[in-house]
Amino acid sequence: MSKTVALALGSGGARGYAHIGVLDVLEERGYQVVGISGCSMGALVGGFYCAGKLHLYRDWVCKLGYLEVLKLVDVSLLSSGVIRGDKVFNMISELLGDCLIEDLDIPFTAVATDMAAKKEVWMQNGSLDLAIRASAAIPSILHPVKVNGRTLVDGGVLNPLPIAPCISIHADYLFAVDLNSDAAIPDDFVFGQIDTRQQKRDWFNSVVDKATNWLDSKRRDDMSSHVDENIGKLEMMNQMFETMQLSLTRFKTAAYPPDLMINMPIDSCDIYEFYRAREMIELGRHIAEKALDAFEQGSCSPYGQRMA
């Protein structure tokens with residue numbers, strides 16, 4: 001007999017690939033997900049799952065190597081500090097098709113932030129594609145999204161782990177996946193050898209080359225210093241956003257404690273390392289197994305806390 005689960009999927013950029021691994025393990029263990037709320041990457045993965053199209057998204061992102069991700073990034077990062085993300089979201093739209101949230105077989109809520117009203121918004125009807133775009137619009141990285149006259153950005157600004165929308169779902173358990181946990185990376189999980197610092201610099205250099213191939217050598221020297229400056233800015237924004245999300249998650253889970261909190265280490269992947277889909281999915285599987293092993297035995301682990 002299946003065990004029903006209402007599932008909250010948190011934000012965390014590229015770490016959100018781990019949600020796919022968690023969903024795999026839940027299905028393999030006989031849990032039936034009967035409702036999902038998600039923020040940012042949690043909304044993206046959760047939306048595809050509720051639409052029955054997660055396999056399409058998985059197939060796409062697992063083929064994205066370092067260079068493929070580079071080609072999806074708009075050059076506007078250098079001039080305005082903003083990535084439009086059109087190529088990425090156009091592909092997401094193509095994969096999803098014209099899905100309405102209210103027509104999904106599994107109830108779904110995407111959480112965004114209304115900048116003018118300074119409050120979170122639960123998107124439970126209308127275009128699934130638009131809801132995902134709004135929920136994932138990270139401030140200073142992606143452009144805000146206009147929905148019914150409101151300016152919406154990433155739900156992680158106010159609620160990086162949206163458990164509250166799951167409360168009304170009739171399920172045996174309420175589980176949540178936190179992508180910003182201070183848990184250590186498991187000793188028995190081995191990442192591929194990645195020179196992340198060099199890849200960050202290569203990424204920026206490649207964008208600069210595309211944007212400035214018509215400039216003289218002096219201008220290129222100036223752009224080289226601009227690359228170093230932007231690397232520092234991106235890392236600082238990353239740290240600030242993650243620190244904020246960690247604090248907000250603790251506050252929100254105190255108000256709405258789930259039956260099980262699955263903890264993904266914040267140190268496992270930077271928010272913009274979207275070329276690491278395969279290993280983050282595997283990490284999601286690995287940690288979900290540890291969390292559920294402990295939960296089903298009535299105990300806790302660093303990766304699975306019983307909170308309710």
Side-chain angles (χ1 to χ4, degrees), residues 7 9-28 33 36 38-77 83-101 103-106 108 110 123 127-138 141-143 145 154-155 177 179 191-192 194 196 199 202-203 206-207 210 264 268-286 288:
L7 185 62
L9 301 178
S11 65
R15 288 190 298 278
Y17 289 137
H19 290 319
I20 300 174
V22 173
L23 285 162
D24 286 346
V25 172
L26 288 174
E27 288 189 345
E28 290 167 7
V33 177
I36 292 179
C39 172
S40 198
M41 272 292 283
L44 196 160
V45 173
F48 268 93
Y49 183 85
C50 292
K53 299 183 177 183
L54 186 57
H55 63 288
L56 298 178
Y57 180 71
R58 181 207 303 264
D59 290 345
W60 175 51
V61 298
C62 284
K63 294 175 184 176
L64 293 178
Y66 171 72
L67 292 177
E68 286 76 18
V69 171
L70 171 64
K71 293 175 183 177
L72 292 171
V73 177
D74 291 334
V75 179
S76 57
L77 176 64
I83 298 174
R84 291 173 55 198
D86 288 352
K87 294 178 183 177
V88 175
F89 285 116
N90 287 344
M91 186 62 189
I92 288 172
S93 296
E94 183 179 329
L95 293 174
L96 279 176
D98 297 324
C99 289
L100 296 177
I101 297 174
D103 292 337
L104 300 177
D105 292 334
I106 300 173
F108 173 71
M123 306 181 75
S127 167
L128 176 60
D129 171 41
L130 192 60
I132 290 172
R133 288 184 185 232
S135 183
I138 303 172
I141 301 295
L142 293 167
H143 280 297
V145 176
D154 196 304
V177 184
L179 300 179
F191 285 115
I194 299 176
T196 57
Q199 287 202 341
D202 289 346
W203 184 80
S206 298
V207 174
K210 284 186 176 182
M264 294 294 160
S268 59
C269 178
D270 284 335
I271 62 172
Y272 47 83
E273 294 183 302
F274 287 100
Y275 47 87
R276 299 177 62 187
R278 289 184 181 275
E279 63 181 353
M280 290 310 300
I281 291 171
E282 285 306 309
L283 180 62
R285 290 186 57 89
H286 192 79

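No experiment lies behind these values; they were computed from the predicted model shown. Along the sequence shown, residues are numbered consecutively beginning with 1.
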Side chains of [X] and [Y] in contact at under 4.5 Å (non-hydrogen atoms):
X: F191; Y: S268; answer: yes
X: D154; Y: C39; answer: yes
X: F274; Y: L64; answer: no

From [X] [atom1] over to [Y] [atom2], what is the distance, rounded to the nearest 0.5 angstrom?
X: L95; Y: H55; atom1: CG; atom2: NE2; answer: 9.5 Å
X: L128; Y: L44; atom1: CG; atom2: CG; answer: 9.0 Å
X: M41; Y: L179; atom1: CE; atom2: CG; answer: 8.5 Å
X: I281; Y: R276; atom1: CD1; atom2: CZ; answer: 12.5 Å
X: E282; Y: I20; atom1: CD; atom2: CD1; answer: 11.0 Å
X: Y49; Y: L104; atom1: OH; atom2: CG; answer: 12.5 Å

Subject >> Residue from I36, V177, D24, L54 passing side-chain contact (heavy atoms from CB on, under 4.5 Å) with H19 >> reply: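 When I36, V177, D24, L54 are each tested with H19, the side-chain contact (heavy atoms from CB on, under 4.5 Å) holds only for V177.
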Looking only at heavy atoms, which two atoms of [X] and [Y] are closest? And how far apart?
X: V45; Y: L23; answer: CG1-CD1, 3.9 Å
X: A14; Y: C269; answer: CB-SG, 3.8 Å
X: K53; Y: C99; answer: NZ-SG, 4.0 Å
X: G47; Y: I132; answer: CA-CD1, 4.4 Å

Subject >> Lys/Arg-Asp/Glu bridge criterion (N-O < 4.0 Å) met for K63, D59 >> reply: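 Salt bridge flag = no for D59 with K63.
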Original post:
Should we say atom CD of E27 is surrounded by more than 12 heavy atoms from elsewhere, each under 6.0 Å from it?
Top reply: yes
Original post:
Near D105 CG, under 6.0 Å, is it more than 12 heavy atoms from other residues, nucleotides or ligands?
Top reply: no
Original post:
Got a donor-acceptor contact below 3.5 angstrom from the R15 side chain to the M264 backbone?
Top reply: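 No, R15 side chain to M264 backbone: no donor-acceptor pair under 3.5 Å.
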Original post:
Where the side chain of E273 meets the backbone of D270, is there a donor-acceptor pair that is under 3.5 Å apart?
Top reply: yes
Subject >> Under 3.5 Å side-chain donor-acceptor pair for R133 and S93 >> reply: yes
**OP:** Determine, stepwise, if the pair V22 / L9 fulfils side chain to side chain contact (heavy atoms under 4.5 Å, CB included).
**Re:** CA-CA 10 Å; V22 173; L9 301 178; 5.6 Å; no
Original post:
Should the pair Y57 and Y17 be assigned to parallel (<30°), tilted (30 to 60°) or perpendicular (>60°) ring geometry?
Top reply: tilted
